[in-house]
Amino acid sequence: MNKIWLFGASLCMVLALGSCKPKQSAYKAAYEQAKEKETTAPVEVVEEEVVEEEVTPVSKPRTSNVSTRAERINAAQGEDASRLKRFSVVVGSFKNKTNAYALKERMINDGYNAVLGENEQGMLRVIVASFNEKVDAADSRDAIKAKYAPNFQDAWILERQY
């Protein structure tokens, strides 16, 4: 009796596994046919005349919607006031003059034309770049953030009030 059960189970396994082969061979045959058609199909080469048009660059006005902080600021004592323009990139703010001068010297050693500005409350602002256009200041601020990451991530733009 056990032999009959064993024979029946093995026969079912053979039928179950054997039924997959026709599907596989059908897919293989269809794939081979498609591949054969692809290789025997004639390829048409169409030559088109390429016409090059002269493109004149259109200057797009550069604008920026970057937030700024407006303050009345003047050059600190002993600093060149002509280097302060309308928009300035500030990398540090200090009440302590020693800290402000130390950061200024560090930035000068790194090649920046740093200047100290002082607001009406006596805060010393370490300014590394100053521009007439807001978008230029934003670009400079982003470059400084990228160069000194993770330091100076809080660099900001000061809009000078007169």
Side-chain angles (χ1 to χ4, degrees), residues 20 23-24 26-162:
C20 294
K23 288 183 183 177
Q24 186 178 10
Y27 286 125
K28 188 172 183 178
Y31 174 76
E32 293 296 327
Q33 268 185 336
K35 192 162 184 143
E36 187 177 316
K37 282 182 183 178
E38 185 178 280
T39 58
T40 60
V43 178
E44 291 183 32
V45 177
V46 178
E47 293 185 28
E48 293 183 23
E49 185 178 329
V50 177
V51 178
E52 291 186 24
E53 294 182 21
E54 190 174 319
V55 179
T56 57
V58 176
S59 163
K60 206 166 133 181
R62 294 177 57 200
T63 59
S64 178
N65 57 356
V66 176
S67 64
T68 62
R69 184 181 305 170
E71 286 185 352
R72 289 181 187 240
I73 192 162
N74 295 309
Q77 186 176 4
E79 297 289 327
D80 184 10
S82 66
R83 294 192 304 189
L84 291 178
K85 297 188 175 38
R86 183 170 177 203
F87 296 99
S88 300
V89 179
V90 178
V91 293
S93 298
F94 301 94
K95 272 281 195 190
N96 184 319
K97 288 183 181 184
T98 305
N99 293 343
Y101 281 101
L103 181 57
K104 176 190 168 196
E105 289 303 314
R106 175 182 170 199
M107 298 312 289
I108 288 173
N109 291 338
D110 282 354
Y112 291 95
N113 195 11
V115 64
L116 290 180
E118 188 172 2
N119 70 5
E120 294 175 322
Q121 288 78 32
M123 291 291 293
L124 292 169
R125 309 294 193 193
V126 181
I127 298 169
V128 291
S130 198
F131 303 93
N132 289 322
E133 298 295 325
K134 184 179 183 180
V135 68
D136 294 331
D139 291 344
S140 178
R141 182 205 54 196
D142 295 342
I144 288 168
K145 283 183 174 185
K147 180 178 179 180
Y148 290 99
N151 300 326
F152 301 133
Q153 292 304 302
D154 56 350
W156 50 279
I157 299 173
L158 170 77
E159 183 175 359
R160 187 176 184 196
Q161 299 294 304
Y162 298 96

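Treat the numbers as computed from the prediction; the structure is a model and nothing was measured.
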Donor-acceptor pairs are to be reported for all side-chain atoms of residues 107-115 against protein atoms at under 3.5 Å, with residues two or more places apart or in another chain.
{"from": "N109", "atom 1": "ND2", "to": "E105", "atom 2": "O", "distance (Å)": "3.3"}
{"from": "D110", "atom 1": "OD2", "to": "Y148", "atom 2": "OH", "distance (Å)": "2.7"}
{"from": "N113", "atom 1": "OD1", "to": "R83", "atom 2": "NH1", "distance (Å)": "2.4"}

Please set out all donor-acceptor pairs under 3.5 angstrom arising from side-chain atoms of residues 88-95, sequence neighbours excluded.
{"from": "S88", "atom 1": "OG", "to": "S130", "atom 2": "OG", "distance (Å)": "2.9"}
{"from": "S93", "atom 1": "OG", "to": "R125", "atom 2": "NH1", "distance (Å)": "2.7"}
{"from": "K95", "atom 1": "NZ", "to": "Q121", "atom 2": "O", "distance (Å)": "2.9"}

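From T98, atom OG1 reaches atom CG of L124 across 10.0 Å, with rounding to the nearest 0.5 Å. Atom CG of D142 is separated from atom NZ of K147 by 15.0 Å, given to the nearest 0.5 angstrom. Rounding to the nearest 0.5 Å gives a distance of 10.0 Å between CG of D136 and CD1 of I157.
Side-chain contact check for L116 versus V126: some heavy-atom pair is nearer than 4.5 Å.
In terms of heavy-atom proximity, Q77 sits nearest to Y101 at O-OH, 3.7 Å. In terms of heavy-atom proximity, F131 sits nearest to A137 at CD1-CA, 3.5 Å.
A cation-pi arrangement is found for R69 relative to W156, the charged atom lying closer than 6.0 Å to the ring centre and inside a 45° cone about the ring normal.
For Q153, the side chain to side chain contact (heavy atoms under 4.5 Å, CB included) partners at least two apart in sequence or on another chain are K145, A149. Shown here are the side chain to side chain contact (heavy atoms under 4.5 Å, CB included) partners of A102, two or more places apart in sequence or in another chain: there are none.
Sorted by first and then second residue, the salt bridge (charged side-chain N to carboxylate O under 4.0 Å, His left out) pairs involving residues 113-122 (not counting sequence neighbours) form an empty list. For residues 153-162, the pairs satisfying salt bridge (charged side-chain N to carboxylate O under 4.0 Å, His left out) are R86-E159, with sequence neighbours left out.
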